[in-house]
Amino acid sequence: MTTTKTALTYGIIGLGRFGIALVECLASAGKDVIAIDKDVSRVREARRFTEMALIIDNLDQIALEEAGIQNCDIVVICIAEQIDVSILTTMTVLKMGVANVIAKATSNIHGEALRQLGATVVFPERDMAIRLGKGLLYNSFLDSIALSGNAEVRRIQVTRKLIGTTIQDMNIRRRYGVNIIAVEYNDYTDVNFTADYCFRDGDVISVVGQIKNLEHFEADIQ
């Protein structure tokens with residue numbers, strides 16, 4: 001009888017503020033996390049959340065294999081400030097056969113190099129700045145998830161302009177080219193709403209579409 005592996009194992013390489021926050025988040029959710037850094041104090045901090053926090057000075061393949069990184073389903077490389085180390089470590093982890101490698105980047109050129117290797121690239125500082133900017137531009141903006149093809153899912157606070165109208169009244173899909181996929185109210189998320197749903201004060205809607213269409217929609221409901 002064969003068993004199916006369902007629980008994911010994560011590897012976090014580099015335990016700065018970003019890496020430590022990831023370790024805490026994943027470990028607090030009950031996930032198996034291997035945390036790696038050369039700094040003793042950072043590894044000691046990571047051991048508050050996972051027993052598998054290891055001190056490794058040289059991030060070569062032998063050391064990473066001894067740590068068990070090749071057994072991880074997802075590895076996040078959080079050492080963007082040292083671009084050469086970031087690229088070499090990303091290359092090594094991919095060579096070890098890890099299916100999903102995510103690497104933190106500090107610039108577009110750095111990100112493109114990581115992307116060419118086959119890693120998924122994140123820009124934490126830039127992404128946070130973009131989210132803050134959207135929050136400043138649109139009072140209704142709460143959060144977003146980036147999708148491929150210049151599309152996003154956005155959580156948007158229902159504004160005064162929407163209260164009392166229905167989805168059908170707004171004709172959102174036809175007018176703006178976006179779709180409402182969920183409505184939240186009082187900690188309840190409804191994904192089976194109908195076109196005659198009437199917006200209430202306190203509603204939060206999740207909307208998916210092209211970024212330009214979402215911005216048009218958000219600007220129009222202010």
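Just so you know, residue 1 is the first one in the sequence shown, and it goes up from there.
For the atom pair Leu22 CG and Ile13 CD1, the distance stands at 12.5 Å (nearest 0.5 Å). Within the model, atoms CD1 of Ile83 and OG of Ser107 stand 5.0 Å from one another, a figure rounded to the nearest 0.5 Å. With values rounded to the nearest 0.5 angstrom, Thr90 atom OG1 is found 13.5 Å from Gln116 atom CD. A distance of 6.5 Å separates OG1 in Thr92 from CG in Leu64, rounded to the nearest 0.5 Å. To the nearest 0.5 angstrom, Asp32 atom CG is 10.0 Å from Glu51 atom CD. Here Met170 contributes atom CE and Ile221 contributes atom CD1; the two are 7.0 Å apart, rounded to the nearest 0.5 Å.
Counting only heavy atoms from C-beta outward, the side chains of Leu59 and Ile36 approach each other to under 4.5 Å. With a 4.5 Å cut-off on side-chain heavy atoms, Glu184 and Arg155 count as touching. In this structure, Val122 and Ile102 have side chains that are in contact, with non-hydrogen atoms separated by less than 4.5 Å. Contact check for Leu117 versus Ile87: side-chain heavy atoms found under the 4.5 Å cut-off. Taking the side chain as every heavy atom from C-beta outward, Ile205 and Val158 approach each other to under 4.5 Å. The shortest side-chain heavy-atom distance between Leu54 and Val43 does not fall under the 4.5 Å cut-off. Leu26 has its side chain within reach of Ile12: a pair of non-hydrogen atoms, C-beta onward, lies under 4.5 Å apart. Counting heavy atoms from C-beta on, the side chains of Tyr185 and Val204 never come closer than 4.5 Å.
Within 6.0 Å of CZ on Arg173 lie no more than 12 heavy atoms contributed by other residues, nucleotides or ligands.
A salt bridge does not link Asp39 with Arg44: every distance from a Lys NZ or Arg NE/NH1/NH2 to an Asp or Glu carboxylate oxygen is 4.0 Å or more. Between Arg48 and Glu24 no salt bridge is recorded (no basic side-chain N to carboxylate O distance below 4.0 Å). We find that Lys104 and Glu81 are joined by a salt bridge, their nearest charged nitrogen and carboxylate oxygen being less than 4.0 Å apart. We find that Arg115 and Glu112 are joined by a salt bridge, their nearest charged nitrogen and carboxylate oxygen being less than 4.0 Å apart. Ion pairing between a basic and an acidic side chain is recognised when a charged N comes within 4.0 Å of a carboxylate O; Lys38 and Asp57 show no such pairing.
At least one donor-acceptor pair under 3.5 Å links the side chain of Asp190 to the backbone N or O of Asn192. Formation of a donor-acceptor pair under 3.5 Å by the Asp73 side chain with backbone atoms of Thr9 is found in this model. With hydrogens and angles ignored, the 3.5 Å screen pairs no side-chain donor or acceptor of Glu45 with any backbone N or O of Ser41. Between the side chain of Ser28 and the backbone N or O of Cys25 there is no donor-acceptor pair closer than 3.5 Å.
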request  = List the steps, then state whether side chain to side chain contact (heavy atoms under 4.5 Å, CB included) holds for Ile69 with Val75.
outcome  = CA-CA 8 Å; Ile69 285 295; Val75 172; 3.9 Å; yes
task = Test Thr50 against Val23 for side chain to side chain contact (heavy atoms under 4.5 Å, CB included), laying out the working first.
result = CA-CA 8 Å; Thr50 176; Val23 171; 3.9 Å; yes
request  = For Gln157 and Asp203, run side chain to side chain contact (heavy atoms under 4.5 Å, CB included): C-alpha distance rounded to whole Å, both residues' side-chain angles, the deciding distance at 0.1 Å, then the answer.
outcome  = CA-CA 6 Å; Gln157 183 77 50; Asp203 278 355; 5.8 Å; no
ask   = Taking it one step at a time, do Val178 and Ile172 satisfy side chain to side chain contact (heavy atoms under 4.5 Å, CB included)?
value = CA-CA 6 Å; Val178 301; Ile172 291 171; 3.3 Å; yes
key: side chain to side chain donor-acceptor pair (under 3.5 Å) between Gln61 and Glu65, worked out   = CA-CA 6 Å; Gln61 185 167 340; Glu65 284 179 347; 3.0 Å; yes
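Residues Val93 and Met91 share a single hydrophobic cluster, defined by chaining ILVMFWY side chains whose heavy atoms lie under 4.5 Å apart. Connection of Leu88 to Ile79 is not established within any shared hydrophobic cluster, with ILVMFWY side chains joined at heavy-atom distances below 4.5 Å, either directly or through further cluster members. Residues Ile109 and Leu114 are members of separate hydrophobic clusters, defined by side-chain heavy-atom contacts under 4.5 angstrom among Ile, Leu, Val, Met, Phe, Trp and Tyr. In the hydrophobic cluster analysis, where Ile, Leu, Val, Met, Phe, Trp and Tyr join through side-chain heavy atoms closer than 4.5 angstrom, Ile20 is grouped together with Val40. Using a 4.5 Å cut-off between side-chain heavy atoms of Ile, Leu, Val, Met, Phe, Trp and Tyr, with links allowed through other members, Val85 and Ile62 fall into different hydrophobic clusters.
Across all non-hydrogen atoms, the minimal contact from Ala67 to Ile56 is CB-CD1, 3.8 Å. Across all their heavy atoms, Ala35 and Ala46 have their closest contact at CB-CB, 4.1 Å. Of all non-hydrogen atoms in Ile180 and Phe199, the two that sit nearest each other are CD1-CZ, 3.8 Å.
Looking at residues two or more places apart in sequence or on another chain, you find no side-chain hydrogen bond (donor to acceptor under 3.5 Å, both in side chains) involving Asn100. Looking at residues two or more places apart in sequence or on another chain, you find a ring pair (Phe, Tyr, Trp, His ring centres under 6.0 Å) between Tyr176 and His216, Phe217.
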